[in-house]
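See structure below.
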Amino acid sequence: MPTSNRPDLLLPAEPGQRALARELYALVERLPIISPHGHVDPALLAEDQPFGDPAQLLIVPDHYLTRMLLSQGVAPGELGVPSRDGSPVETDGRRIWRRFAEHWHLFRGTPSRLWLEQTFTEVFAVDTRLSPQTADEMYDALAARLAEPDFRPRALFERFNIEVLATTESPLDDLGRHAKLAADGWGGPGGRVVTTFRPDNVVDLEFEDWSANVDRLGEITGEDTGTYAGYLAALRSRREAFIAAGATSSDHGHRTARTLDLGADAAALFDRARRGRAEPGDTEAFGAHMLLEFARMSLDDGLVMQLHPGAVRNHNRWLYARHGRDVGGDVPQVTEYVHALTPLLDAYGNDPRLRVVLYTLDEDTFTRELAPLAGGYAALLLGAPWWFLDSPEVLRRFRETVTETAGFYNTAGFVDDTRAFCSIPVRHDVARRVDAGFLARLVAEHRLPMDEAAETIVDLAYRLPKRVFKFGASA
Ligand SMILES: [Zn+2]
């Protein structure tokens with residue numbers, strides 16, 4: 001999606017490199033979007049209903065925004081974030097929007113500002129600069145756009161030129177929305193909207209209602225999840241259902257990257273946990289062991305494994321108590337991969353049939369651990385900078401810190417990882433611009449001929465993620 005208002009956005013400031021970067025960016029500017037990892041609600045596209053008001057669309061669900069205001073003392077309830085206990089929160093979109101506009105200066109220099117501004121101008125064609133004074137004018141302009149048929153989710157999906165979008169569901173999801181999408185010609189294997197198998201709520205022993213979730217997993221699959229063997233069979237069965245709904249990957253959000261083969265002890269640990277008698281260390285050991293089990297399942301069914309470690313979930317306990325999870329209360333921590341992944345790599349690291357995409361929230365690991373690992377094991381690929389790191393500065397540093405050891409072709413392409421549907425084209429555009437700048441420098445320094453830089457940028461934006469995540473015939 002071209003950014004007409006600021007054509008040189010994020011391109012190098014040095015004129016020679018800028019000219020090269022413009023040429024490279026022009027090659028990928030309009031390429032289709034491959035979005036292999038994200039959290040868009042599939043109901044949005046299954047039902048294709050008009051979006052709510054501008055605040056409900058752009059502010060309330062965006063925890064990047066609400067956490068920044070929280071850090072300045074604005075309670076999430078004042079921005080419409082639902083409460084856990086049903087106690088009242090602000091529901092008036094215009095008031096939420098005004099409150100947000102009053103605090104817009106907090107976002108100077110942040111990627112949130114960039115994404116939101118580009119969303120206003122490129123998606124909604126609203127060029128007004130947001131401020132407390134223009135809040136109402138912008139709210140009305142955005143609301144008017146959202147009432148137009150061209151701003152229904154499926155129409156936007158077409159306009160955004162998304163070739164494939166992966167959503168993320170738990171094994172307990174009935175995949176009904178994906179069935180609806182498939183019935184409408186939008187989903188299913190090879191479809192435009194596919195699911196991703198994310199089993200955290202039946203793997204993480206400390207997940208709320210873990211045991212009840214495992215019961216439910218048994219009911220859905222007809223397997224006896226009272227036993228460890230039944231539990232594994234149930235997971236395999238759900239993976240089959242997800243694959244039938246188009247899934248090509250699984251996603252694992254663990255505290256650490258630790259892997260472990262518990263062998264016969266796994267069943268005993270599972271039994272303990274099911275009886276409510278988990279011991280200290282069981283949660284981490286079981287999660288670590290299950291990564292090996294999932295790798296074995298992947299060898300059979302071909303799902304690409306995505307590993308997202310390093311988030312301390314619900315670090316802000318006050319926020320969690322009032323508003324629940326995924327509302328901005330998580331914080332990154334130091335993450336170790338070299339020793340943590342050894343059991344997995346000893347077992348399957350050199351098996352090219354396995355494909356594990358590693359992400360990090362710990363930027364220090366790019367040069368020291370992740371690039372050498374991805375650059376040395378057939379099963380490993382390096383995922384794009386994610387979440388706290390999905391900014392222009394880190395995307396740039398990512399190329400600078402990993403390319404010399406891992407090259408471009410051990411990376412997996414950009415992932416937007418977003419819940420914010422309208423920000424998808426903007427986020428992919430930012431990644432393409434940063435890559436154009438990085439490759440332009442290699443060309444300017446005579447380290448890479450222009451024709452190879454041109455091929456590389458198209459690979460990074462389109463061909464590589466498509467191949468890594470097994471979308472389409474080239475899988
Ligand atoms: Zn994610």
Side-chain angles (χ1 to χ4, degrees), residues 33-45 61-67 111-112 115 162 164-173 177-178 193-204 207 242 245-257 287 290-291 294 298 303-315 324-333 335 355-363 365 370 381-391 394-395 398 411-424 426-428 430-431 465 468-469 471:
I33 288 174
I34 305 293
S35 177
H37 179 95
H39 302 278
V40 168
D41 181 352
L44 206 72
L45 291 153
D62 189 339
H63 58 65
Y64 287 74
L65 303 181
T66 57
R67 84 192 303 274
S112 289
W115 297 327
I162 301 173
V164 54
L165 174 78
T167 68
T168 305
E169 273 73 46
S170 108
L172 306 182
D173 192 287
R177 296 156 303 175
H178 285 275
V193 184
V194 300
T195 183
T196 302
F197 180 77
R198 171 123 184 197
D200 298 354
N201 65 349
V202 293
V203 169
D204 180 350
F207 209 99
F242 272 63
T248 66
S249 73
S250 64
D251 183 34
H252 308 273
H254 287 216
R255 285 176 183 73
T256 72
M290 285 307 297
L291 284 178
F294 286 128
S298 278
L303 287 184
V304 176
M305 283 181 82
Q306 301 180 75
L307 181 55
H308 280 98
V312 177
R313 301 282 174 182
N314 312 314
H315 188 273
R325 55 173 56 239
D326 300 328
V327 291
D330 307 339
V331 175
Q333 66 178 336
T335 309
R355 200 170 287 172
V356 181
V357 180
L358 295 175
Y359 299 86
T360 194
L361 292 173
D362 181 353
E363 196 182 342
T365 60
L370 292 176
L381 289 148
L382 189 38
W386 158 61
W387 196 353
F388 287 94
L389 307 182
D390 57 359
S391 62
V394 188
L395 286 165
F398 173 72
T411 63
F414 181 69
V415 299
D416 53 73
D417 191 33
T418 192
R419 291 160 214 281
F421 180 65
C422 292
S423 77
I424 288 175
V426 170
R427 290 184 191 231
H428 285 262
V430 165
V468 167
F469 288 94
F471 296 136

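Note that ligands are numbered from 1 as they come in the structure, with each ligand's atoms numbered from 1 the same way. Below, all heavy atoms of this structure are taken into account, side chains as well, without hydrogens, waters or symmetry copies.
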Count of N, O or S atoms belonging to protein, less than 2.8 Å from the Zn ion (ligand 1): 3
Closest non-hydrogen atom pair between Y64 and R427, with its separation: OH-NH1, 4.2 Å
H308: side chain to side chain contact (heavy atoms under 4.5 Å, CB included) partners, not counting sequence neighbours: H37, D251, Q306, Y359, W386
R355 side-chain N/O to V468 backbone N/O, donor-acceptor pair under 3.5 Å: yes
Distance-only donor-acceptor check, side chains H178 and E169, under 3.5 Å: yes
Of D200, D204, D330, the residue whose pairing with R255 passes salt bridge (Lys or Arg N to Asp or Glu O under 4.0 Å): D204
Donor + acceptor pair across side chains of H63, D326 (<3.5 Å): no
